[in-house]
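We use all heavy atoms of the structure for the numbers below, so side chains are in, but hydrogens, waters and symmetry mates are not. Read the numbers this way: they start at 1 and go in the same order the structure lists the ligands and their atoms. Starting from 1, each residue takes its place in the sequence as its number.
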Amino acid sequence: MIKIKSEKEIELLRKAGEITRNTLLEVEKHVKVGVTTRQLDKIAHDYILSQGAKPSFLHYGGFPATICASVNDVVVHGFPDDTPLSEGDIVSIDVGACYKGYHGDSARTYPVGTISADKQKLIDVTRQSFFEGIKDLKAGNTVGDISSRVQNYVEKYGFGVVRDMVGHGVGRDLHEDPEVPNFGYAGLGPKLKAGMVIAIEPMVNMGSYEVVIRGWSCKTKDGLPSAHYENTILITDTGVEILT
Ligand code: MG
Ligand code: MG
């Protein structure tokens, strides 16, 4: 069932979104050659607590950390560890903050030092595919409208959109209905209504869309890099509001 949020709930979701956004800005400052994703995890963890919120991912389904840190061919759900980031890596950071029972969910992919032009293109197309997905979007559109716009944009560049994982509703639960795939057909899927809050999160592979999933581990099948961009948004009668 897709929940319509009340004004009061939307206020809390705005606050959770703001903390989530600021957590990523804090982490971004520290992404550089030699830093470990465990260090980035601690920065995110401490920042979220300092804002009176809780890390949404920590212990969620047994997840061991505050952030997902997914390097190069790791698509999503990477565990922070003690491996220093290297020149030319890309690292996707996904984080959620829970404020008074309501979640924010957001992800970005960052370059480490100087990266190849191909990797920069992957990051840029992934980010822009989110903005293509929400262009002119408002109540009355369908989930499939988002899906098809993301897919069409990404595939123009010869990149692959991951099928095995999708966006989702956000609220009291980190993952609510509806599912928001990054592939599909315009006009299909659940109709969007004012007051719905959803996370749109394109996961884009430089090569094939195929991934290999083992437990939490999710890597591209062909070993090529993958990028991620996610925001939690509110659907309104006239458009969307990005909460993160
Ligand atoms: Mg996320
Ligand atoms: Mg998400």
Side-chain angles (χ1 to χ4, degrees), residues 2-3 5 13-14 16-28 31 37 40-41 43-45 47-48 53-71 74-80 90-99 102-110 123 126-127 129-131 133-134 143 146-147 150 161-184 189-190 192 196-205 211 213 216-218 226-235 240 242-244:
I2 306 175
K3 292 173 188 147
K5 271 71 179 186
L13 284 158
R14 272 196 192 102
E18 184 190 321
I19 296 168
T20 303
R21 174 174 68 243
N22 289 336
T23 305
L24 282 173
L25 291 172
E26 210 46 48
V27 169
E28 181 178 9
V31 173
T37 48
L40 298 177
D41 186 66
I43 289 161
H45 180 265
Y47 181 79
I48 290 170
K54 290 182 192 150
S56 299
F57 299 178
L58 188 59
H59 309 315
Y60 182 88
F63 192 79
T66 293
I67 60 170
C68 301
S70 307
V71 180
V74 179
V75 178
V76 287
H77 302 161
F79 291 4
I90 59 173
V91 59
S92 301
I93 306 291
D94 192 347
V95 72
C98 181
Y99 182 75
Y102 288 83
H103 296 277
D105 189 6
S106 185
R108 307 277 185 263
T109 300
Y110 300 115
I123 291 174
T126 304
R127 178 181 184 279
S129 72
F130 165 85
F131 288 98
I134 63 166
V143 169
I146 303 170
S147 308
V150 170
V161 282
V162 172
R163 270 47 165 184
D164 298 70
M165 271 149 316
V166 297
H168 49 90
V170 182
R172 274 195 166 279
D173 289 311
L174 181 60
H175 296 109
E176 298 185 350
D177 288 338
E179 290 195 339
V180 185
N182 297 302
F183 59 98
L192 299 172
M196 286 183 184
V197 173
I198 57 174
I200 301 174
E201 51 177 315
M203 289 151 268
V204 178
N205 297 348
V211 298
I213 299 174
W216 282 107
S217 166
C218 178
S226 184
H228 190 193
Y229 189 89
E230 175 181 31
N231 282 313
T232 303
I233 69 164
L234 167 70
I235 305 293
V240 305
I242 299 176
L243 303 179
T244 50

| Spacing of Ile2 atom CD1 and Glu179 atom CD [to the nearest 0.5 Å] | 10.5 Å
| query | Does Ser129 reach the main-chain N or O of Val150 with its side chain, forming a donor-acceptor pair under 3.5 Å? | reply | no
| So does His175 have any N/O/S atom less than 2.8 Å away from the Mg ion (ligand 2)? | no
| field | Carboxylate-amine/guanidinium contact Lys3 Glu176, below 4.0 Å | value | yes
| query | Under the ring pair (Phe, Tyr, Trp, His ring centres under 6.0 Å) test, which residues partner Phe130, sequence neighbours left out? | reply | Tyr229
| message | Is it true that Asn231 and Thr244 share a donor-acceptor pair across their side chains at a distance under 3.5 Å? | response | yes
| request: Kindly say whether Thr66 contributes a backbone atom to a donor-acceptor pair with the side chain of Asp41 at under 3.5 angstrom? | output: yes
| said: Ignoring waters, how many N, O or S atoms from the protein are under 2.8 Å from the Mg ion (ligand 1)? | reply: 4
